[in-house]
Amino acid sequence: MTPLTLFDSILGGIILSISALLLLFGIGKISGISGIFYGLKNTPSSGEYWRVLFIIGLVISPLFAILFGFSLPSSIDVSWPAIIIGGLLVGIGTRVGSGCTSGHGICGIGRLSARSLVATIIFMSTAVITVFIVNSLS
Amino acid sequence: MTRFISLPIALFCGILFGIGLIISQMVDPNKILNFLNITGNWDPSLLFVMGAALLFFIPLYRIVMKKLKRPLFNSEFSLPVNKLIDRRLVIGASLFGIGWGISGICPGPAIVNIAGGDPKIIAFIFAMGFGMYISNYVNIMISKPKD
């Protein structure tokens with residue numbers, strides 16, 4: 001059980017959106033993490049180097065978060081089968097559906113894209129149903 | 001010129017995005033799973049993360065994009081052009097949601113968690129990468145005509 005963290009949620013949300021707006025206004029790119037990650041395979045082309053830098057930024061971000069007193073979860077309490085099956089489906093789904101929580105949920109809805117709104121409603125719904133089923137089984 | 005300056009901006013945006021995910025605790029799979037568990041001890045935090053992000057993003061996007069012909073440090077915007085709500089979108093988003101519901105992890109938090117050193121995160125990223133790699137076969141299966 002985790003409690004509602006209202007202030008941190010709002011602050012975090014605003015920071016996510018500042019980052020996304022900066023990437024868009026600055027270099028014209030959408031902060032869709034699944035897309036940026038998948039595009040790493042194109043990095044021999046110099047127009048794609050920004051992806052590597054963005055991902056490096058994500059990887060080293062915990063070092064900076066510590067300065068503000070925030071850290072990563074101490075452990076990942078997810079079972080191995082859930083890690084493997086979940087990862088696989090997240091990979092397939094984000095490619096086939098062209099985006100994840102960041103690309104559709106923040107940037108897409110933020111641009112008032114009907115496509116992203118539909119995608120977000122769908123993945124939220126299937127995720128809620130999945131959690132309900134998993135909890136009922138265990 | 002425009003190319004080089006884009007690199008430190010991308011790095012800074014990545015760091016900022018990661019900090020946002022850490023502060024909002026979206027990097028904690030328990031936080032996500034408790035948000036999705038609406039019939040249990042529901043934790044609505046993610047709703048506020050997304051709500052705050054959108055209340056901030058939507059007006060600024062509309063105001064600034066009207067004035068910008070091109071990005072400040074690049075020659076053009078790379079915005080999605082596909083407006084179709086098709087089978088691929090529906091099936092893909094459904095599968096992503098199932099994977100997210102099983103694990104409580106989506107791509108951004110997975111990458112930010114790498115520094116924590118848990119082998120499960122590395123395994124998740126490999127599984128996700130493999131899923132992306134085989135996604136084209138799923139696309140082909142979906143787009144086959146049903147005659």
Side-chain angles (χ1 to χ4, degrees), chain A residues 1-2 4-5 8-17 19 22-23 26-29 33-34 38 50 53-54 57-59 61-62 64-65 70 72-73 76 78 82-97 100-102 106 110 115 118-119 122-123 126-128 130-131, chain B residues 6-7 9-11 13-20 22-24 28-31 34 36-37 41 43 45 48-49 52-53 56-57 71-74 77 85 88-89 92-103 106-108 111-112 114-116 118 120 123-124 127-128 131-132 135 138:
Chain A
M1 201 188 132
T2 52
L4 165 66
T5 42
D8 290 347
S9 295
I10 293 172
L11 179 64
I14 292 173
I15 293 174
L16 290 174
S17 114
S19 164
L22 206 60
L23 196 73
I27 67 173
K29 307 293 184 187
I33 312 304
S34 58
Y38 181 69
W50 68 275
L53 273 292
F54 186 91
L58 285 180
V59 173
S61 64
F64 295 88
F70 294 94
L72 291 174
I76 304 294
V78 181
I83 288 283
I84 303 301
I85 299 167
L88 203 59
L89 289 173
V90 166
I92 296 172
T94 52
R95 286 320 304 155
V96 174
C100 57
T101 344
S102 50
I106 297 179
R115 199 172 129 82
V118 169
I122 291 174
F123 70 65
T126 58
V128 164
T130 302
V131 167
Chain B
S6 71
L7 299 183
I9 294 175
L11 180 69
C13 287
I15 293 173
L16 205 57
F17 202 91
I19 290 175
I22 295 169
I23 290 182
S24 60
D28 183 353
N30 284 327
K31 204 76 182 152
N34 288 339
L36 296 170
N37 184 15
N41 286 312
D43 174 356
S45 299
F48 290 93
V49 178
F56 197 85
F57 192 102
L72 298 169
F73 306 104
N74 207 346
F77 287 105
I85 296 169
R88 280 190 54 183
L89 186 80
S94 303
L95 293 177
F96 165 50
I98 296 171
W100 193 38
I102 289 175
S103 61
C106 57
I111 295 167
V112 174
I114 289 176
D118 193 315
K120 283 180 177 167
F124 182 92
M128 179 175 84
M132 289 178 166
S135 64
V138 179

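Note on naming: letters A, B, ... go to the chains in the order of the sequence lines (proteins, then strands), and numbering restarts at 1 for each one.
The shortest non-hydrogen separation linking A/Thr126 to B/Ser94 is OG1-O, 3.1 Å. Summarising the geometry of B/Ala52 relative to A/Ile10, their closest heavy-atom pair is CB-O, 3.6 Å, with the distance given to 0.1 Å. Considering every non-hydrogen atom in both A/Ser17 and B/Phe57, the closest pair reads OG-N, 3.7 Å. In this structure, B/Ala10 and A/Leu23 approach most closely via the heavy-atom pair CA-CD1, 4.0 Å. Pairing each heavy atom of B/Ala93 with each of A/Phe123, the nearest pair is O-CB, 3.1 Å. Nearest heavy-atom pair across B/Ser24 and A/Gly12 is CB-CA, 3.9 Å.
Most heavy-atom pairs under 4.5 Å with chain A: of the set B/Gly20, B/Cys13, B/Gly101, B/Ala123, this distinction falls to B/Cys13. Of the listed residues (A/Val59, A/Leu16, A/Thr94, A/Ile14), the greatest number of heavy-atom pairs within a distance under 4.5 Å of chain B belongs to A/Leu16. The most heavy-atom pairs under 4.5 Å with chain A, out of B/Asn30, B/Val112, B/Asp28, B/Val138, come from B/Val112. For chain B, the option among A/Leu4, A/Ile122, A/Val128 with the highest count of heavy-atom pairs below 4.5 Å is A/Leu4. Among the candidates A/Ile85, A/Val131, A/Leu22, A/Val96, the residue making the largest number of heavy-atom pairs closer than 4.5 Å to chain B is A/Val96. Interface check for chain A: of the options B/Pro71, B/Ala115, B/Ser135, B/Gly18, the most heavy-atom pairs under 4.5 Å are formed by B/Pro71. With chain B as partner, the option from A/Leu89, A/Leu11, A/Thr2 having the largest number of non-hydrogen pairs under 4.5 angstrom is A/Thr2. Contact count versus chain A (heavy atoms, under 4.5 Å) is highest, among B/Gly116, B/Pro29, B/Ala53, for B/Ala53. Between chain B and the residues A/Ile76, A/Ile106, A/Ile84, the most heavy-atom pairs under 4.5 angstrom are made by A/Ile76. Ranked by non-hydrogen atom pairs under 4.5 Å with chain B, the options A/Ser102, A/Gly97, A/Gly87 are led by A/Gly87.
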Show the numbers, then the answer: is there a side chain to side chain contact (heavy atoms under 4.5 Å, CB included) between B/Phe96 and A/Thr101?
CA-CA 9 Å; B/Phe96 165 50; A/Thr101 344; 3.6 Å; yes
Report the C-alpha distance between A/Val118 and B/Leu89 in whole Å, list the side-chain angles of each, state the deciding distance to 0.1 Å, and finish with yes or no for side chain to side chain contact (heavy atoms under 4.5 Å, CB included).
CA-CA 8 Å; A/Val118 169; B/Leu89 186 80; 4.3 Å; yes
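Counting heavy atoms from C-beta outward, B/Ile23 and A/Ile15 have side chains that approach closer than 4.5 Å. Annotation: side chain of A/Thr130 is not in contact with side chain of B/Trp100 (no heavy-atom distance under 4.5 Å). At least one side-chain heavy atom of A/Trp50 sits under 4.5 Å from a side-chain heavy atom of B/Leu7. Within the 4.5 Å cutoff, side-chain heavy atoms of A/Ser34 are placed close to those of B/Met132. Contact annotation: the side chain of A/Ile33 approaches that of B/Phe17 to within less than 4.5 Å [non-hydrogen atoms, C-beta and beyond].
Panel note: side chain B/Lys120, backbone A/Val78; a donor-acceptor pair is recorded below 3.5 Å. Not one N or O on the side chain of B/Ser103 forms a donor-acceptor pair closer than 3.5 Å with the backbone of A/Ile83. A donor-acceptor distance shorter than 3.5 angstrom exists from the side chain of B/Ser45 to the backbone of A/Thr5, with no hydrogens or angles considered.
Summarising the geometry, atom CG belonging to A/Leu58 is positioned 8.5 Å from atom CD1 belonging to B/Ile114; distances are rounded to the nearest 0.5 Å. Atoms CZ and CG, from B/Phe124 and A/Leu88 in turn, are 10.0 Å apart once rounded to the nearest 0.5 Å. The distance from atom OG of A/Ser19 to atom CD1 of B/Ile9, rounded to the nearest 0.5 Å, is 11.5 Å. A distance of 8.0 Å separates OG of B/Ser6 from NZ of A/Lys29, quoted to the nearest 0.5 Å.
Of the atoms belonging to B/Asp118, it is side-chain heavy atoms, and not backbone ones, that fall under 4.5 Å from chain A. Contact annotation for B/Ile19: both backbone and side-chain heavy atoms come within less than 4.5 Å of a heavy atom of chain A.
A/Asp8 is linked by a side chain to side chain donor-acceptor pair (under 3.5 Å) to nothing, counting only residues two or more places apart in sequence or in another chain. In this structure B/Asp43 satisfies the salt bridge (Lys or Arg N to Asp or Glu O under 4.0 Å) test together with B/Lys31, sequence neighbours excluded.
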